[in-house]
Each structure stands twice: as C-alpha cells, then as structure tokens.
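The next block holds one structure in the form of structure tokens; read it before the comments.
Remember, it's 1-based here, ligands and their atoms both numbered in the order they're listed.
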Amino acid sequence: MSSSTKNVLLRTAGLLAALTFASAAPAEQAATAGQRVIHKDVVILGGGASGAHAAVRLREDFGKSIVLVEKQGRLGGHVSTYIDPESGRPIDFGVQSFIDIGGAKDFFARMNVSIGTPGRIVNKARYVDFKTGEELDYVPPAAADRTAGLTKFAAAASKYESMLLPGYWNFPAGKDIPEELLMPFGDFARKYGFEAAMPTIFSVTGLGVGDITKELTMYVLQAFGAPMARAMLGQVPTFVPASHRNQDLYDNIAALLGSDVLYSTTATRVERKPGCGVEVTVRDRAGRETLIKAKRILVSIEPVGNNMAPFDLDRQERAVFAKMDYSRIYAGIVTNAALPGATSFTNFPTDAAPSNYMAFPELPFTARFDNLGGDLFRVMILGDRDTMACAAKRNAQASLDRMLQAGTVAFPEGFAGRRKLTFKAFADHGPMHVRVTADQLRAGFVQEQYALQGHRDTWYTGGAWSVQFQTILWQYNDIVIPKLLQGM
Ligand SMILES: Cc1cc2nc3c(=O)[nH]c(=O)nc-3n(C[C@H](O)[C@H](O)[C@H](O)COP(=O)(O)OP(=O)(O)OC[C@H]3O[C@@H](n4cnc5c(N)ncnc54)[C@H](O)[C@@H]3O)c2cc1C
Ligand SMILES: *[C@@H]1O[C@H](CO)[C@@H](O)[C@H](O)[C@H]1NC(C)=O
C-alpha cells in the first residue's frame, strides 16, 4: 500500500418442494462400515467470512442444527494473521479491516471481540515497472484531486448500489441492465471525471480484477464499490479487533460453534435427494469419513474449478458455473536483503509515468512489496484462473530479479546470504472475483445464477453471489438465510 493510501484494504421454493416431493424418493444412501452418520438441519460448506457467519446465525438465532465443513484447520478463510516469531506482533497479510456496515460492530460485540482502529504503516512510496525492473518517475495524484475523484466515484457508483449490494436480487435483466454497468470501467471513469481516484481504486481492492480500465464497470464496482469509497473518504468507519489480530473474530466463532465444525475436512460426494434433502460424504485429512444427512445445504465456497466436482450437478447448475471466469489471488510475507526498510514498491506499467492514472498492469502480475516494519514485506500476486501458487511465487521472484538487474534495488556490498525471496508466510486465496461477459449478462446470466438459489435444496452465499467484502457478505446472509429457512 502506498504511503498516500490509507491502510484500509481494506422461486419459489414452495412450488419446487411440492413438485419434488411428488417424485419417488430414491433409497437413502447407506452408511458404509465405520462411517459416522450425522443428521442436521443445514450443512454448510466453507467456514470463511460468509460460512462462519451463517453458521452462527442459523444455530444461534434460528435454532437450527448445523454442521460446518471447513477445509483448513481454522475458520476465517481469507483472514491470514502471521505472528512475527521475534516480536510476537500479529501481522494481518490477508484481510486488513472491516467496514462498519449493517450490524458489523454488533456482531463483533456478540462474539466478544472488542474493536480498535486499523494500524497504519507509513512507507516511502517507490513506483516500479515490475516487467522491466526500472523505477518510474511517477507522481501520484494530489490528495485533494484523489479525494475529489473518490467523491465523484462514490456518487456515480451509488446510483447502482441497490442493484448490486448486498447481492444481485434486484439486478435487472437483458435490455434493462444500465449500459453504464456494462461499459469498460475506464470509460466510466472518463465519463464521470474521476481519473485521479483510479490508482486508489486499483491498489486498495480493485486489483483483483486486473487492469480495471478494461473490466466491466459492474465488476469493478463489486471489487471496490461505493461503501469502500465512503470508507476511504472517512465517511464510514473501518475497524479491526483491538488485538490487531483479525483471526480473533473467527477463533471466537470457532469456540462458540465447538464440535459443530469439522476441520481439515472436505466433501467427497454431494447428492441432492428430491424430497429428502441432501447427503454429503465428507473426509478429513486422516481419511475418516462422515455421512451428513441434512435438509438443506448452504454452499459458501466459490462454485468454480474443482470445488463443485463432488456435486451431482444437473444441466441447469452446470450451465451457470461453466460460464464463470475468475482471478486467483495470493499474498505472502517475504524477506530479502535487497529490499530496503520503510519502503513500498508499487508495480505500474512504464506508461503510467509521470501522471497517467489510467495505466495498470495486466494479469498475472505482482502488485507490490510493502514493508511491514523490520525486514518483513507483504507481497500481493494477482493471477488469472490458470495462475497456480507456484507460478505466483515465481512471478514475485522474477519481479525482484528485474529490480535487481535494473539496479532499482541492490544487495549490500559483500552480501553473502540468501539471494532469493524467503517466504515467511504464503496464502493461496484461490478463486475470487467471479465474472462473466457483457453478452452473457445481457443474455440473463445473473437471473440464471440466482435461479439456483433454492434449486435442489441448495443455497449459496459468499463472494461469487455478492461482493468480496466481509461485512457486506454478512448482510447478504441476512437476506439469504430467511429464504433458505422457508418451508423448513
Ligand atoms: C488478500 C485479501 C485481502 C482482503 N482484505 C479485505 C479487507 O480488508 N476487508 C474486507 O472486508 N474484505 C477483504 N477481503 C475480501 C474478503 O476476505 C472476502 O470477500 C471474503 O472472505 C469472502 O468470503 P467467502 O465466505 O466467500 O470466502 P472465504 O472467506 O474465502 O471462505 C471460504 C472458506 O471455505 C473454505 N473452503 C474452500 N474450499 C473448500 C472446500 N472444497 N471444502 C470445504 N471448505 C472449503 C476455505 O478454507 C475458507 O475458509 C480480502 C481478500 C483477500 C484475498
Ligand atoms: C461472550 O462472553 C460471555 C460472557 O463471558 C459468554 O457468556 C458468551 O458465551 C461469550 N460468547 C462468545 C461468542 O464467545
């Protein structure tokens, strides 16, 4: 994050049920020997921002029995808290802060997490084209121009807020989709004259969609929307746990949910049984299998790539998920003796200098190295759907290598230590920022996607159905959960 940027990364189900009830119910899946069988009202896949919150709401507020199936050994998904072994200081290199939207603060209070103000690291900002390694004479927009730009952006974006947030429930179909939402975001920026806000929109959260000038306006609004602009303008607070350890929230949720969470566990088979709910076979890392029989399934993981492989998808479901394109995002904490302290290196293409605020790198790219104090740097790598973890790390290494070759950074004289990046921590944030083309949107993609809500006792939450912001996803849950509960 640059020094001029604040560190605030920040159907009727009844009819369907009636129809399916009439069809012959297939025989229930029998548990195989040694397999544990559990019966629950709702099985939730994925315990990140949306799944963990939904689990609390369903069990604590609606009195439903739940089981939460989480791949990792902890809840919290994109939250990545690294504890510096030397100082004991927690460093959040995933989720940075929470926007105070809806009942976000109340939810923290309920989870016994007291809140504080996000920390701010002020670094010297240096701008480098990571493709050449050359330092750029780039002059960021003046603070007043940036603020004016963000204000114009917030006004333009807020026109569409009710269509996009906290989900696409009110999104128009076909010809009724406003043309502005389907134009390249660069054109939208020129139309409303907020070019000076573009570097901020990109570097804070927009970078997940790549070159924001080329992406459809609606997807940039989803990656950095009016709420984020209001937060940047100081009109809406952002906060973190007072401990400055974002994992605390999800650890407290984990303590509350207790044995209703199955950790280090993934689904191996998901079968929807018309009239009989769902049967999910899950397996933990030790190979132990559990058969979960539930009335409903809530899917909070991104419905792309291998994530849906265990599902008995029908044609309608397959047609929707097959259209989805997405990015892959990686973040890490690295050290290297050539990277100077108290400095942020931000990647811009050469033609961004000296003051072209509409030039951004294309996926895949390493976005930045930001000093976190001491010799630790946060690195962010953005990829397309095919950029896997190994290629992401190589991209970061190649970015450093080019800076070394160009003489932008150098090892201290006589340096004999490790010359490669050392990854102290690395997080694969997986698929994010699901999007389709303007033509697919005009042809009714959003309506096809949302027709899957409740289809075959299956409900969805998470970034692919809403936006990539923690507290807005909690608002999304507040809409989807009552729908899921209908007829239960
Ligand atoms: C680097 C980074 C920084 C961010 N910073 C902020 C920020 O400052 N503020 C903010 O509001 N938002 C931030 N976000 C966005 C926010 O974290 C996401 O929008 C949010 O976490 C999405 O919630 P989700 O429930 O869809 O997915 P996740 O939170 O990712 O949860 C998905 C969960 O499912 C699990 N899972 C995945 N596959 C499977 C499987 N097959 N079986 C079982 N479990 C599985 C994962 O382990 C994970 O726990 C950031 C995101 C990233 C990547
Ligand atoms: C919060 O603290 C209260 C009082 O100690 C306790 O009763 C409650 O169970 C706690 N809730 C959570 C979510 O930890």
Open item on the list: Just to check, does Asn307 reach to within less than 4.0 Å of ligand 1 when the distance is taken from its heavy atoms?
Closed with: yes

Task: Which segment of His429 sits under 4.0 Å of ligand 1 when only heavy atoms are counted - done: side chain

- [ ] Check the surroundings of atom NZ in Lys323: do more than 12 heavy atoms from other residues, nucleotides or ligands lie under 6.0 Å from it?
- [x] yes

Task: Summary of side-chain hydrogen bond (donor to acceptor under 3.5 Å, both in side chains) pairs that have at least one residue in residues 216-228, sequence neighbours excluded - done: Tyr168-Gln222

Task: Best match, Ala427, Gly208, Gly46: closest heavy atom to atom 34 (O) of ligand 1 - done: Gly46

Task: ligand 1 contact on Val69 by region, counting heavy-atom pairs under 4.0 Å - done: backbone

Task: N/O donor-acceptor pair under 3.5 Å between Asp370 side chain and Phe377 backbone - done: no

- [ ] Give yes if a backbone or side-chain nitrogen or oxygen of Phe469 is under 3.5 Å from a nitrogen or oxygen of ligand 1, and no if not.
- [x] yes

Open item on the list: If you measure every N or O of Thr266 against every N or O of ligand 1, does any of those distances drop under 3.5 Å?
Closed with: no

- [ ] Take atom 14 (O) of ligand 2 and look for protein heavy atoms under 4.0 Å from it; say yes if you find one, no if not.
- [x] yes

TODO: Taking only heavy atoms of Gly462 into account, list the atoms of ligand 1 that are under 4.0 Å away from them.
DONE: 26 (O)

Task: Of the listed options Arg328, Gln470, Glu70, closest to atom 49 (O) of ligand 1 (non-hydrogen atoms) - done: Glu70

- [ ] Would you check whether Leu45 has a nitrogen or oxygen atom less than 3.5 angstrom from a nitrogen or oxygen atom of ligand 1?
- [x] no

Open item on the list: Check this for me, if you would: do Asp386 and Arg328 make a salt bridge, where the nitrogen-to-carboxylate-oxygen distance has to be below 4.0 angstrom?
Closed with: no

TODO: May I ask whether Ile99 places a heavy atom under 4.0 Å from ligand 1?
DONE: no

Task: Pairing of Arg110 and Glu60 as salt bridge, 4.0 angstrom limit - done: no

- [ ] Decide salt bridge (charged side-chain N to carboxylate O under 4.0 Å, His left out) for Asp260 and Lys40; before the verdict, give the C-alpha distance in whole Å, the side-chain angles of both, and the deciding distance to 0.1 Å.
- [x] CA-CA 10 Å; Asp260 284 339; Lys40 295 287 181 181; 3.3 Å; yes

Task: ligand 1 atoms in contact with Ser50 (distance to a heavy atom under 4.0 Å) - done: 24 (P), 25 (O), 26 (O)

Task: Test item, Ala267 contacting ligand 1 (heavy atom, 4.0 angstrom) - done: no

Task: Atoms of ligand 1, numbered as shown, that sit under 4.0 Å from any heavy atom of Leu473 - done: 19 (O), 20 (C), 22 (C), 23 (O)

Task: Atom CG of Asn306: over 12 foreign heavy atoms under 6.0 Å - done: no

Open item on the list: Can you tell whether the side chains of Glu302 and Arg385 come within less than 4.0 Å, N to carboxylate O?
Closed with: no

Task: Trp465 ring center within less than 6.0 Å of Tyr476 ring center - done: no

Open item on the list: For Arg272, is there an ion pair with Asp457 - N to carboxylate O distance below 4.0 angstrom?
Closed with: no

TODO: Under 4.0 Å from a heavy atom of Gln72: give me the atoms of ligand 1 that qualify, with their elements.
DONE: 47 (O)

TODO: Run the numbers for me: atoms of ligand 1, each under 4.0 Å from some heavy atom of Met432, listed by number.
DONE: 51 (C), 53 (C)

Open item on the list: Strictly less than 4.0 Å: does any protein heavy-atom distance to atom 4 (C) of ligand 2 fall in that range?
Closed with: no

Open item on the list: If you measure every N or O of Glu302 against every N or O of ligand 1, does any of those distances drop under 3.5 Å?
Closed with: no

- [ ] Would you kindly say whether Thr343 and Asn371 are connected by a side-chain donor-acceptor distance under 3.5 Å?
- [x] no

- [ ] Could you tell me whether atom 9 (O) of ligand 2 has at least one protein heavy atom nearer than 4.0 Å?
- [x] no

Open item on the list: Quick check: Arg378 and ligand 1, any N/O pair under 3.5 Å apart?
Closed with: no

- [ ] Assess Met228 for proximity to ligand 1: is some non-hydrogen atom of it under 4.0 Å away?
- [x] no

- [ ] Look only at the side chain of Gln475 and the backbone of Ile101, and say whether a donor-acceptor pair between them is shorter than 3.5 Å.
- [x] no

Task: Distance-only polar pair, side chains of Asn395 and Thr366, donor-acceptor under 3.5 Å - done: yes

TODO: Assess Arg74 for proximity to ligand 1: is some non-hydrogen atom of it under 4.0 Å away?
DONE: no

TODO: Heavy-atom contacts with Gly463 under 4.0 Å: which atoms of ligand 1 show up? List them by number with element.
DONE: 26 (O)

Open item on the list: Using only atom types and a distance under 3.5 Å, with no angle test, would you say the side chain of Arg283 pairs donor to acceptor with the backbone of Thr281?
Closed with: no

TODO: Measure from atom 11 (N) of ligand 2 to every heavy atom in Val56, Asn112, Asp251 and give the option owning the shortest one.
DONE: Asn112

